[in-house]
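Here is the structure we will look at, set down as structure tokens.
Because the structure is predicted, anything quoted here is derived from the model rather than measured. Labels below follow one simple rule: chain letters A, B, ... track the order of the sequence lines, proteins then strands, and each chain is numbered from 1.
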Amino acid sequence: MTEISNGISAHNYISRLWLSFNREKHIAPLAVFRVAFGVIMLISTVRFIAKGWVYDFYISPKCYFPFYGFEWVRPLPAAGMYSLFAIMVIASIFIAIGFLYKLSISAFFICFVYTELIDKTYYLNHYYVVSIVSFLLLLVPAHRYFSVDVVRNPSLKVTHVPGWTINIFKWQLCVIYFCAGISKLNYDWMCQALPLKIWLPANAGLTLIGPLLTQAWVAFLFSWFAAAFDISIGFLLLSRAARPWAYLLVVIFHMLTAWLFKIGMFPYVMIFITIIFFSESFHLRVIKNISNLWPHNVHQSGESKAVLTFSLNKKKLLYSLLGLYAVLQVLVPFRFLLYPGTLFWTEEGYRFSWRVMLMEKSGTAFFYIKDPATGNSGEVPNGLYLTPLQERMMATQPDMIVQYAHYLHHVYRNKGIKDPIVTAECYVTLNGSGSRLFIDPTTDLSKQTDNFLPKKWILPFHNKQQ
Amino acid sequence: MKRIALLITGITLVVLLIANFSCKKKSSSPVASSGPDSTLINIGNNIILPSYTALGNAVNAMDAAITDFNASPDASKLANVQTLFKTAYLAWQSASEYNGFGPAMNNQPTLAGLNLFPATTSRIDSNVVSGNYDLKVLSNATAKGFPAMDYLLFSAGATIASFTTASTAANRKQYLVAVSADIKAEITTVVTAWSATGGNYINTFVNGAGNSISSSLGLLINSLDQDFEILKNDKLGIPLGKQPPGTALPVLPNEVEAYYSGISAQLLLAQLKAVQGIYTAGLDNYVVKANAKYNGGALSDTIKAHFALAVSEIQAIPDPFSATIQSNPAPADVAYAEIQKIVVLLKTDMPSSLGVLITYGDNDGD
């Protein structure tokens, strides 16, 4: 490898980047990554089913909140939804062992994304991570080493792959952490230690550190540490010298969040998938250790080098696809800059931007139906149409408020009211601001459409108390 | 080198954290860091247990009177049963707040099933005539519990003759006994499950520290809010015609709680005061400790002021609510608006200041 010692120009960076994307690298990190992803998805999917969420989230609700552009996505009947999750369980196992890999990862990706698209109520950043990672795994030859597929068909086996097949995951993780860090650099987080100042004291009952969590300086320490961690950890993980310590930090940081907050699988998913940063020799050791668990291990030591190359056409296709995707990944988190108003309040451009645990926001929404013919109006019993979780998520997110208004318009039209007027009196509190009117209570929401334009009926968030 | 420097900074931070934790551990802290929470102890021992005990006693007294009435019915015994029923129904209002978690929720069927109103009177009548029914089945969900008792004891047809000389008298008495026994059995199970000498759920409750959805605070606030929404929607909103116009009439007087006995407003007041009592028994401490603000003032003061206002407004609603709702709906309208404000405070401001999720269920966040 040629090292350029005198100054680093942009050109050098680009050429180094290009090199690292094209250079042959051992496939071991990719193979272990595949196993880790399969295992954590298996745990996560089984947990999801065991908690009864398939029924609670996708079978029992009457009304759903699909994503913009995916309004046509509807849940399957109960048997279909359970089958979908059964497929995901089986696919996770197959991904982990590398059996019928292309089929398994395709099935997993389709089932998972389909499920996510049904209802944005359940949107979590880590589901977005999973969607992306499974999409990327679809493009890379993660099954061509240390897999059942290779045992069944040894001609599939390769030892070296183009660097991008591994680096794309590192790059994605760096984007996630860095954006998460940048999004913490706001007044509330850095200067007010909000929302941690609200969340941490709630754990005051914990042994040992409980009393500390009520201290303001601890909230500041955690806030600043989290911001510093998120911004720097991607770079630290890339550095060979810092990597072991950086990974230890990853584990400490995520375990701390798992312990203090109710964030489900997110910390474990991140702990599992950041192993991609480790060197090939580390991953080869992992493979050797796993292989040794079997008496007749399938992995032969002293392998001959087999390089996987892509045809020029395939390269062109993949590179343009990945290029587009890479640009989008950087731009999408910053689309909020195009909207007026306070991001946390309006949530225009909030999702898909790695904003994790950033705000304490809660609301109550009263919806009113008015019959234009008679002038009679009434308050909708939200509980008849929404699950409590849907109601809670809807009350603070304007695009969901419009969707619900349209749903109500439909319901009450069917009940015999011609073109009912739908309005909402909605109170929201953000980072302890105290509840205040969120949207214009006079706007007929059934006449509003959800699109990417700024929603004029969202009332401004006055940071000053009235 | 920069990276290494950053790394060292990070590790230093962690070390500092750990060092601080271990230092503080040795010094004594004013806040209980483990074991039972003093606020939960107060709410559990001084509010929840006495409420359940009162309900259990009231239901037992009512059931005993009904057994006696069943053996030799007369007008004075009927009057006694009616009085004891009202006492039990009032006691229910101070216990329904806990229907959403613990023994009341785990009970099969859930305890909340004892107060599904309005009663389906046609179903009760046909059950009485046939003399053949199972109160546990879903089709009898609104033919049992307090609303069924209310109908059996206070409807126009509930004369002493209906229990003595009418052709269905024996069946009617038997139905009364069955409904009462069902209420008694359900409530006894739940009261026993809470008591320290029974299932000892009180111990689970006072030790359930934290703010997660499965902590006692999380469970209590979610259950309380759910119960409070029944007050707003079912006890006030639906009868007042607050719900959207469909094919039904705007005002629905026979949808009130306790339509036949006509004590609806008393029951409303009892429930509101019970919720207020839970708030002032310790939830207010949490809110004060969290230093939560509302419009520049303290959130806790705001909540207390709104409770006081709502109490006086509910007191202004004359019973029988089903009649006054038509002749003079203004006081109830005013109270409804006030109750709506409290819903926002209890469902949004209070839990948000404590970091408690309002979902009435389980889910992940991120």
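Here the NZ-OG distance, from B/K293 to A/S433, works out to 13.5 Å after rounding to the nearest 0.5 Å. Rounding to the nearest 0.5 Å places CD of A/E391 at 6.0 Å from CD of B/E229.
The minimum heavy-atom distance between A/E360 and B/S352, with the atom names listed, is OE2-OG, 2.7 Å. Here the shortest heavy-atom pairing between A/S435 and B/Y294 reads OG-CE1, 3.3 Å.
In this structure, chain B has a heavy atom under 4.5 Å from the side chain of A/Y368, while its backbone stays farther away. The contact between B/S353 and chain A is made entirely by backbone atoms, counting heavy-atom distances below 4.5 Å. In this structure, chain B has heavy atoms under 4.5 Å from both the backbone and the side chain of A/Y427. Only the side chain of A/F366 comes within contact range of chain B, with heavy atoms under 4.5 Å apart. Contacts of B/L299 with chain A are absent, with no heavy-atom separation under 4.5 Å from either backbone or side chain. With a threshold of 4.5 angstrom between heavy atoms, A/S377 approaches chain B through N, CA, C or O but not through any side-chain atom.
Counting only distance, with no hydrogens or angles, the side chain of B/T348 and the backbone of A/T364 share a donor-acceptor pair below 3.5 Å.
Judged by distance alone, the side chains of A/E379 and B/Y336 do bring a donor and an acceptor atom under 3.5 Å apart.
At least one side-chain heavy atom of A/P381 sits less than 4.5 Å from a side-chain heavy atom of B/P244.
Atom NZ of B/K232 sits in a crowded spot, with more than 12 heavy atoms from other residues, nucleotides or ligands closer than 6.0 Å.
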